[in-house]
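Presented below is the structure to which this report refers.
Computed from a prediction, not measured in an experiment: that's the story for all the values here.
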Number of protein chains: 2
Amino acid sequence: MSPLLPLPVTAADRDSCAATDILRRVGEKWSVLILALLAERPYGFNELDRTVEPVSRRILTRTLRTLEADGLISRSETPERVRYALTPLGRSLLPLIVALGEWAAEHADEIGAARA
Amino acid sequence: MSPLLPLPVTAADRDSCAATDILRRVGEKWSVLILALLAERPYGFNELDRTVEPVSRRILTRTLRTLEADGLISRSETPERVRYALTPLGRSLLPLIVALGEWAAEHADEIGAARA
DNA sequence: CAGCATCCTGCGCGATACTG
DNA sequence: CAGTATCGCGCAGGATGCTG
């Protein structure tokens, strides 16, 4: 066993697998989108709310809190507004997400064909 | 807008984003693990069931069907057994998952520290 | 502007039992 | 061996209204 990576095969591992963990995190509905937006510049809360569009404020809040708790984004208050920004850790994750996005774009037709 | 990628910002895009789509797919609980196992060699159904361990057969079945529908794995029947294997498409996705796994392993302590 | 409180729905995931 | 059928739980995600 023990494949190419720190991947969990036994029951004992299954909750402690870093790869699965982070994959589930970025698999959450709005995470990647938020990270991609913050890659360009910091955003305020309502600004994110408007830009991400059909997300509810409840979910946006929770997603931001989670990303913050993981150290991927930072939240700072200024007198005028709250400011969400990427942390260095979050920024280091970007290339991988970008690569996955490119892979998905390249093979979108193959996947579409397979589904039909 | 329109960040670094084909990422969905508007409501119209949100269900058609290939990147988010594939991320949710591999974010499913057992997907990466199954892909990682099949990266080494083909597996039979019960063989997967035993190896992945705490997964229920119902979920294993559904996960396999989904991965198959996306063209990432193939299912073929021989007289003695059913054989699940990676497709070329699935294999082309592996390096990206490996990269994410390595990233997660490298930064596991930072993430852990952030959560505390 | 930046949220929190409340209520609700769908489905990811699981346990258990049964089938050809 | 390779599944299907049935039942159930918890949580992601959402709608709506209120707050300082």
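- Atom C1' of nucleotide dG14(D) and atom CH2 of Trp30(A) are separated by 10 Å, given to the nearest angstrom.
- Atom OH of Tyr84(B) is separated from atom P of dC1(D) by 13 Å (rounded to the nearest Å).
- In this model, the phosphate group of dA2(C) is not approached by any side-chain N or O of Tyr43(A) to a distance below 4.0 Å at OP1 or OP2.
- Distance CD1 (Ile59(B)) to P (dG8(D)): 17 Å, rounded to an integer number of Å.
- Atom-to-atom, CG of Asp49(B) to C1' of dA15(C) comes out at 13 Å; the value is rounded to the nearest Å.
- Side-chain atoms of Thr61(A) lie closest to dC4(C) of the nucleotides dC4(C), dG3(D), dG14(C).
- Salt bridge status for Arg115(B) with Asp21(A): present, with a side-chain N to carboxylate O gap under 4.0 Å.
- For the pair Leu64(B) CG and dG12(C) C1', the interatomic distance rounds to 16 Å; values are reported in whole Å.
- In terms of modelled atom types and a separation under 3.5 Å, the side chain of Arg75(B) and the main chain of Tyr84(B) share no donor-acceptor contact.
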N/O contacts under 3.5 Å, protein versus nucleotides 16-20 of chain D?
from    : atom 1 : to       : atom 2 : distance (Å)
dG17(D) : O6     : Arg57(A) : NH2    : 2.9
dC18(D) : N4     : Arg57(A) : NH2    : 3.3

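- Projected onto DNA chain D by closest heavy-atom contact, Asn46(B) and Arg24(B) fall at different nucleotides, the more 5' of which corresponds to Asn46(B).
- For the pair Arg75(B) CZ and dC1(D) C1', the interatomic distance rounds to 12 Å; values are reported in whole Å.
- Checking dG12(C), dC4(C), dG3(D) against the side-chain heavy atoms of Arg62(B) singles out dG12(C) as nearest.
- Pairing each heavy atom of Leu94(B) with each of Leu35(B), the nearest pair is CD2-O, 4.2 Å.
- The main-chain N or O of Trp30(A) is never found under 3.5 Å from a side-chain atom of Thr63(A) such that the two would form a donor-acceptor pair.
- A donor-acceptor pair under 3.5 Å is absent between the side-chain atoms of Ser74(A) and the main chain of Thr87(A), judged by distance alone.
- Salt bridge Arg24(B)/Asp70(B): absent, no basic N to carboxylate O contact under 4.0 Å.
- With sequence neighbours left out, the side chain to side chain donor-acceptor pair (under 3.5 Å) criterion links Thr61(B) to no other residue.
- For Arg81(B), counting side-chain heavy atoms from C-beta on, the closest listed nucleotide (dG13(D), dC1(D), dG14(C)) is dC1(D).
- Distance Glu77(B) CD to dG20(C) P: 16 Å, rounded to the nearest Å.
- In terms of heavy-atom proximity, Leu37(B) sits nearest to Leu48(B) at CD1-CD2, 4.1 Å.
- A salt bridge links Arg25(B) with Glu28(B): at least one charged nitrogen is closer than 4.0 Å to a carboxylate oxygen.
- For Arg65(B), counting side-chain heavy atoms from C-beta on, the closest listed nucleotide (dT4(D), dG14(D), dG14(C)) is dT4(D).
- Side-chain proximity of Val82(B) to dG3(D), dC4(C), dG14(C): nearest is dG3(D).
- Side chain of Glu47(A) to backbone of Gly44(A): a donor-acceptor contact under 3.5 angstrom is found.
- In this structure, the helix from dC1(C)-dG20(D) to dG20(C)-dC1(D) shows an angle of 50° between the axis at its start and the axis at its end, each fitted on 5 base pairs and rounded to 10°.
- In this structure, Leu60(B) atom CG and dA15(C) atom P are separated by 13 Å, rounded to whole Å.
- Residue Arg83(A) is classed as having no contact, given no heavy-atom separation below 4.0 Å to the nucleic acid.
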